[in-house]
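For the numbers below, each heavy atom of this structure counts, side chains included, while hydrogens, waters and symmetry mates do not. The chain is numbered in sequence order, starting from 1.
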Amino acid sequence: MKRIYGILPLLVILLVSCATTGGTKVTEPVTYSETIEVAGVSQDDLYIRANMWFVDAFNNAESVIQFSDKESGVIKGKYIGGSVVAGIYIYKISTTVTVEVKDGRYRITFDNPQYQHIGDLLSGNYIRPGASGPVETVEMADKIKPEWIALTESLKASVQEDKSSW
C-alpha cells in the first residue's frame with residue numbers, strides 16, 4: 001500500500017506533463033523580422049558582412065545557405081537551432097533565415113519553424129528521430145523566439161564590424 005502512495009504522485013506529475021504538451025494553437029504564422037539601419041554602408045559591403053555572419057552562425061553541419069544572390073542582396077538558409085523542451089519531450093528546431101540588404105539597411109527574417117521530436121526527459125535522445133512538422137503552438141513559438149533574437153543581435157554586432165582593414 002505504501003508503494004502505491006509513493007508511485008501515485010509520480011504518475012500524476014507524468015500525466016500532467018503529458019497533458020500540457022499540446023499547448024495553445026497559434027493563430028498566425030510563427031515569424032520574427034527586424035530591419036536595422038547601418039548608415040553609410042553600401043549594399044555590397046552589407047552583403048559581404050551578412051554572408052560572413054552566415055558562415056559563422058551556421059556552425060551545425062545541417063545548417064546551410066540555400067540561396068544567395070549578391071545583385072538582389074538576398075541570402076537565405078536553413079538554420080538548425082538548439083534543443084527545445086516542451087513538457088517531457090525534446091525537440092530539434094529548424095527555421096528559415098533570410099537576410100535582405102540594401103544601401104544603409106538590412107532586414108533579417110525568421111520563418112517556417114519546423115520541429116523534430118528527438119527524445120524525452122525519461123529516456124534521453126532517441127536513436128532515430130520521431131515525428132516532425134511545423135511549429136503550431138504558442139508555447140513552442142515562445143521558446144524559440146529568444147534564439148532568433150540572439151541571432152539578430154549577433155548579426156547586428158557582425159555587421160557593425162568592418163573586417164576589411166586587417
Novice: Does T24 reach the side chain of T137, with side-chain heavy atoms less than 4.5 Å apart?
Specialist: no

Novice: Taking only residues two or more places apart in sequence, or in another chain, which ones meet S68 in a side chain to side chain contact (heavy atoms under 4.5 Å, CB included)?
Specialist: Y47, I65, I75

Novice: Which residues pass the side chain to side chain donor-acceptor pair (under 3.5 Å) test with D69, sequence neighbours left out?
Specialist: S72

Novice: Can you list, by chain and residue number, the hydrophobic cluster partners of F67 when the side-chain cut-off is 4.5 Å?
Specialist: V74

Novice: Let me confirm one number: the CG-CD1 distance from N51 to I48, rounded to the nearest 0.5 Å.
Specialist: 8.5 Å

Novice: Working to the nearest 0.5 Å, report the span between NZ of K78 and OG1 of T96.
Specialist: 9.0 Å

Novice: Apply the test side-chain contact (heavy atoms from CB on, under 4.5 Å) to residues V159 and L46: give CA-CA distance (whole Å), side-chain angles for both, the deciding distance (0.1 Å), then the verdict.
Specialist: CA-CA 7 Å; V159 166; L46 283 175; 3.4 Å; yes

Novice: Kindly write out the residues that satisfy side chain to side chain contact (heavy atoms under 4.5 Å, CB included) with P134, not counting sequence neighbours, or none if the list is empty.
Specialist: Q114, E136

Novice: Show every salt bridge (Lys or Arg N to Asp or Glu O under 4.0 Å) that has at least one partner inside residues 147-157, sequence neighbours left out.
Specialist: E34-K156, E153-K156

Novice: Any non-hydrogen side-chain atom of D45 less than 4.5 Å from a side-chain atom of S42?
Specialist: yes

Novice: Rounded to the nearest 0.5 Å, what separation is found between the CD1 atom of I88 and the CG atom of L121?
Specialist: 6.5 Å

Novice: List the residues meeting side chain to side chain donor-acceptor pair (under 3.5 Å) with S123, not counting sequence neighbours, and say none if there are none.
Specialist: D120

Novice: Compare all side-chain heavy atoms of N112 with those of T95 and state whether any distance is below 4.5 angstrom.
Specialist: no

Novice: What distance do I108 atom CD1 and T35 atom OG1 have between them, rounded to the nearest 0.5 Å?
Specialist: 10.5 Å

Novice: Just jot down the side chain to side chain contact (heavy atoms under 4.5 Å, CB included) partners of E62, sequence neighbours excluded, or say none.
Specialist: N60, I80, K92

Novice: Strictly by salt bridge (Lys or Arg N to Asp or Glu O under 4.0 Å), give each pair with a member in residues 99-117 just once, sequence neighbours left out.
Specialist: E100-R107

Novice: Considering all heavy atoms of both residues, which atom of A141 and which atom of V30 are nearest to each other, and what is their separation?
Specialist: CB-CG1, 3.8 Å

Novice: Tell me every residue that passes side chain to side chain donor-acceptor pair (under 3.5 Å) with S33, counting only those two or more places apart in sequence or in another chain.
Specialist: T109

Novice: Closest approach of K143 and A86, non-hydrogen atoms and distance?
Specialist: CE-CA, 4.4 Å

Novice: Less than 4.5 Å apart, side chain to side chain, heavy atoms only: is that true for V99 and L155?
Specialist: yes

Novice: CD1/I93 to OG/S83 distance, rounded to the nearest 0.5 angstrom?
Specialist: 9.0 Å

Novice: Measuring from S158:OG to L151:CG, what's the distance to the nearest 0.5 Å?
Specialist: 11.5 Å

Novice: Knowing that exactly one of F58, W53, F54 qualifies, which makes a ring-ring contact (aromatic ring centres under 6.0 Å, His included) with Y79?
Specialist: F58

Novice: Can you list everything that forms a side chain to side chain donor-acceptor pair (under 3.5 Å) with K76? Sequence neighbours excluded, please.
Specialist: none

Novice: Under the side chain to side chain contact (heavy atoms under 4.5 Å, CB included) rule, collect the residues that match up with D142, sequence neighbours excluded.
Specialist: V138

Novice: Using the ring-ring contact (aromatic ring centres under 6.0 Å, His included) rule, collect all pairs that involve residues 100-126, keeping only residues at least two apart or in two chains.
Specialist: Y89-H117, Y91-Y115, Y91-H117, F110-W148, H117-Y126

